[in-house]
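Numbers here are sequence positions counted from 1.
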Amino acid sequence: MEPKLLVVLVTAPVDQAESLAETWVSERWAACANVVREVKSLFWWDGGVDRENEALIVLKTAPDGFDTLARGIRDTHPYDVPEIIALPVSQADEAYAEWVRNEVRGAP
């Protein structure tokens, strides 16, 4: 079953997160974004565990908009390897899901 929409998670530097999210929404790669500030991220990088204070950006997009969104994130994100994780949404209010699909370029 095709998901109704996708929730895409991206971490970013706290001081750049809102600007990045605004770009991705302005480009219509995502219908909306939520910026959750100050999450502590722990990850393996360059041979050891690294810790960073980051922001979590939660994006909503259409299933057929993911490739465009991911490409746009990679092109504008300051990290060499940004986190880009899409979670399928199997149930959503139909009016909201339709709004997301209509707001994202390339959506049916």
Side-chain angles (χ1 to χ4, degrees):
M1 175 166 86
E2 177 80 10
K4 290 184 179 279
L5 55 98
L6 297 177
V7 171
V8 179
L9 306 176
V10 181
T11 54
V14 173
D15 63 341
Q16 296 178 43
E18 190 170 334
S19 175
L20 289 167
E22 184 172 353
T23 295
W24 303 333
V25 172
S26 294
E27 291 294 332
R28 312 275 310 265
W29 300 330
C32 65
N34 307 105
V35 178
V36 182
R37 298 194 179 279
E38 295 294 330
V39 297
K40 176 65 88 173
S41 295
L42 292 90
F43 51 93
W44 190 266
W45 190 255
D46 286 336
V49 175
D50 199 356
R51 291 172 172 76
E52 292 290 336
N53 289 326
E54 296 181 299
L56 175 64
I57 304 168
V58 181
L59 303 160
K60 276 68 84 181
T61 194
D64 62 352
F66 176 76
D67 291 338
T68 301
L69 174 59
R71 188 170 35 257
I73 292 169
R74 286 191 303 274
D75 288 347
T76 58
H77 202 287
Y79 293 171
D80 292 337
V81 182
E83 172 185 1
I84 307 171
I85 298 173
L87 305 173
V89 176
S90 61
Q91 297 292 318
D93 177 77
E94 188 51 43
Y96 181 79
E98 182 177 352
W99 173 78
V100 169
R101 291 188 299 266
N102 288 337
E103 295 305 319
V104 175
R105 286 190 180 144

Exercise. Is the count of non-hydrogen atoms from other residues, nucleotides or ligands lying under 6.0 Å from Q16 atom CD greater than 12?
Worked result: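 Atom CD in Q16 is packed in, count exceeds 12.
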Under 3.5 Å, side-chain donor or acceptor atoms of residues 50-62 against the rest of the protein: list the pairs with distances, not counting sequence neighbours.
from: N53; atom 1: OD1; to: K40; atom 2: NZ; distance (Å): 3.4
from: E54; atom 1: OE1; to: S41; atom 2: OG; distance (Å): 2.4
from: E54; atom 1: OE2; to: Y79; atom 2: OH; distance (Å): 2.6
from: K60; atom 1: NZ; to: N34; atom 2: OD1; distance (Å): 2.2
from: T61; atom 1: OG1; to: W29; atom 2: O; distance (Å): 2.9

Exercise. What pair of heavy atoms forms the shortest contact from V104 to G65, and how long is it?
Worked result: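 Scanning both residues completely, I find the closest heavy atoms to be CG1-CA, 4.4 Å.
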Exercise. Can you list the residues that meet the salt bridge (Lys or Arg N to Asp or Glu O under 4.0 Å) rule with R74, with sequence neighbours excluded?
Worked result: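 Counting only residues at least two positions away or on another chain, R74 forms no salt bridge (Lys or Arg N to Asp or Glu O under 4.0 Å).
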Problem set entry | Partner residues of E18 under the salt bridge (Lys or Arg N to Asp or Glu O under 4.0 Å) criterion, sequence neighbours left out |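 So E18 forms a salt bridge (Lys or Arg N to Asp or Glu O under 4.0 Å) with R37.
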Problem set entry | Shared-cluster residues of F43, by chain and number - hydrophobic side chains joined below 4.5 Å |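 Joined to F43, directly or through intermediates: W45, V81.
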For this session: State yes or no: do L69 and V25 share one hydrophobic cluster built from I, L, V, M, F, W and Y residues joined by side-chain heavy-atom distances below 4.5 Å, directly or via other members?
Result: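 In one cluster: no.
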Problem set entry | Side-chain heavy-atom pair S90, P3 within 4.5 angstrom cut-off |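 SC-SC contact between S90 and P3 ruled out.
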Exercise. So how far is it from Y96 OH to C32 SG, rounded to the nearest 0.5 Å?
Worked result: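 Result: 3.5 Å between the selected atoms.
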For this session: Report the distance from atom CD of E27 to atom CD1 of I73, rounding to the nearest 0.5 Å.
Result: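 Reported value, rounded in 0.5 Å steps: 12.5 Å.
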Problem set entry | Worked verdict on H77 versus W24 for side-chain contact (heavy atoms from CB on, under 4.5 Å) | CA-CA 10 Å; H77 202 287; W24 303 333; 4.0 Å; yes
Throw together a table of side-chain donor-acceptor distances under 3.5 angstrom for residues 4-14, partners on residues two or more places apart or in other chains.
from: K4; atom 1: NZ; to: E94; atom 2: OE1; distance (Å): 3.0
from: T11; atom 1: OG1; to: E83; atom 2: OE1; distance (Å): 3.2

